[in-house]
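Numbering of ligands and ligand atoms starts at 1, following listing order.
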Amino acid sequence: MDRASDYGSEGWGFNSLRARHHHMGHPAAIQDLKARLAGARAVAVLTGAGISADSGVPTFRGADGLWRTYRAEDLATPEAFARDPRLVWEWYNWRRELIATKSPNAAHYALVDLERRVERFWLITQNVDGLHPAGGAQKLSEIHGNIWKVRCTQCGHVGTNRAVPIPIPPHCPTCNGLLRPHIVWFGESLDPADLERSLAAVRSCEVLLIVGTSGIVYPAASFASLAKEAGACVAEVNLDPTPNTQSVDIAIQGRAKDIVPELL
Ligand code: APR
């Protein structure tokens, strides 16, 4: 029995082939991933702050990361908002002002192309910056919310408010209750519909493409292993290594704006 046949199906050979792929050079990894995306009928994509870094939006844990300067527990928790809604809104006004001048980059647009090409496509983003929808993304779950959306703490009304700055404290147009950012804060659960839709995409995709996330915040951080368990090829495009890098099938280190467009 010669070795070649080992590479046929799901046998032992296939896994070692996949393992070797993982460590191949950049161009080969890009070609491999490009071919898998071109041949896939079901693709799911998971993005994080890294995809917007090339648009000038600071990440959370990178060198200029927000959490290096600000304490998440002082600003992005329901307790912090209850304690001092003015402080939290001042911080979100600062982020709104920063994001308002930013535009989608080549990586955002490339994913819109992918959305149009693939039969079954879903984009799951952890980003609240709104750059994916601004770039034309439609098959999308913003699982951590959107910085341009507000929610009433009294009647639950959810609306869009793009005022920069938003007058503090902002009040609900329906019941005059206090508005909060429509964002999923630490300690809060995702919207059940968003989670269900995202899990369905991750569990039924042939390729899961992960772009620009440190992969440590759950439940998004569980998607790579869920997709793998479901038999998908899992690929990661990221500037720095992450906890996922060693376990994904294809890992490409680089900037999203340079790599993602090359995958199409
Ligand atoms: N291209 C690709 N990857 C990049 C780039 C770039 N230009 N710049 C940075 N990265 C990578 C970093 O190496 C890092 O691994 O993007 C990742 C960003 O990680 P985080 O800052 O931790 O952001 P993210 O993973 O999206 O955070 C998840 O945590 O703070 C909460 O709710 C917030 O949605 C956020 C969640």
Any idea which part of [X] is under 4.0 Å from ligand 1, heavy-atom wise: side chain, backbone, both or neither?
| X | answer |
| --- | --- |
| D240 | both |
| F186 | side chain |
| S214 | both |

Which heavy atom of the protein is the closest neighbour of [atom], given with residue, atom name and distance?
| atom | answer |
| --- | --- |
| atom 36 (C) of ligand 1 | V217 CG2, 3.8 Å |
| atom 1 (N) of ligand 1 | A256 N, 2.9 Å |
| atom 23 (O) of ligand 1 | A49 CB, 3.5 Å |
| atom 25 (O) of ligand 1 | T213 OG1, 2.6 Å |
| atom 34 (O) of ligand 1 | H144 ND1, 2.8 Å |
| atom 3 (N) of ligand 1 | L239 N, 3.2 Å |
| atom 5 (C) of ligand 1 | G50 O, 3.4 Å |
| atom 35 (C) of ligand 1 | F60 CE1, 3.6 Å |

Item checked: Passing candidate, side chain to side chain contact (heavy atoms under 4.5 Å, CB included) with H171, options C175, P173, P169 -> P169
Item checked: NZ or CZ of R180 within 45° of W89 ring axis and under 6.0 Å -> no
Margin query: I want to check a possible cation-pi pair here: R120 against W122, using under 6.0 Å from ring centre and within 45° of the ring axis as the test.
Written below: no
Check: Distance-only, no hydrogens or angles: does the N238 side chain make a donor-acceptor pair with backbone N or O of T213 under 3.5 Å?
Finding: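 Yes: the side chain of N238 pairs with the backbone of T213.
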Notebook entry, point to check: Is there a donor-acceptor pair under 3.5 Å between the side chain of S52 and the backbone N or O of A49?
Noted result: no
[X] and [Y] ion-paired at < 4.0 Å:
| X | Y | result |
| --- | --- | --- |
| R36 | D249 | no |
| R117 | D113 | no |
| R41 | E119 | yes |

Margin query: Please tell me whether T47 and Q126 have a donor and an acceptor in their side chains that are separated by less than 3.5 angstrom.
Written below: no
Selected option - heavy-atom contact closest to [atom], from [options]:
| atom | options | answer |
| --- | --- | --- |
| atom 27 (O) of ligand 1 | R255, Q126, R61, E142 | R61 |
| atom 14 (C) of ligand 1 | T47, N238, V57 | N238 |
| atom 18 (C) of ligand 1 | G212, G48, A220 | G212 |

Note to self: Please find the pair of heavy atoms, one from R96 and one from A163, that lie closest to each other, and give the distance.
What the structure shows: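 That would be NH2-O, 3.0 Å.
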Check: Does ligand 1 have an atom under 4.0 Å from some heavy atom of G254?
Finding: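 Flag set, G254 near ligand 1.
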Margin query: Within ligand 1, which atoms have a heavy atom of T59 less than 4.0 Å away?
Written below: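 The atoms of ligand 1 under 4.0 Å from a heavy atom of T59 are 21 (O).
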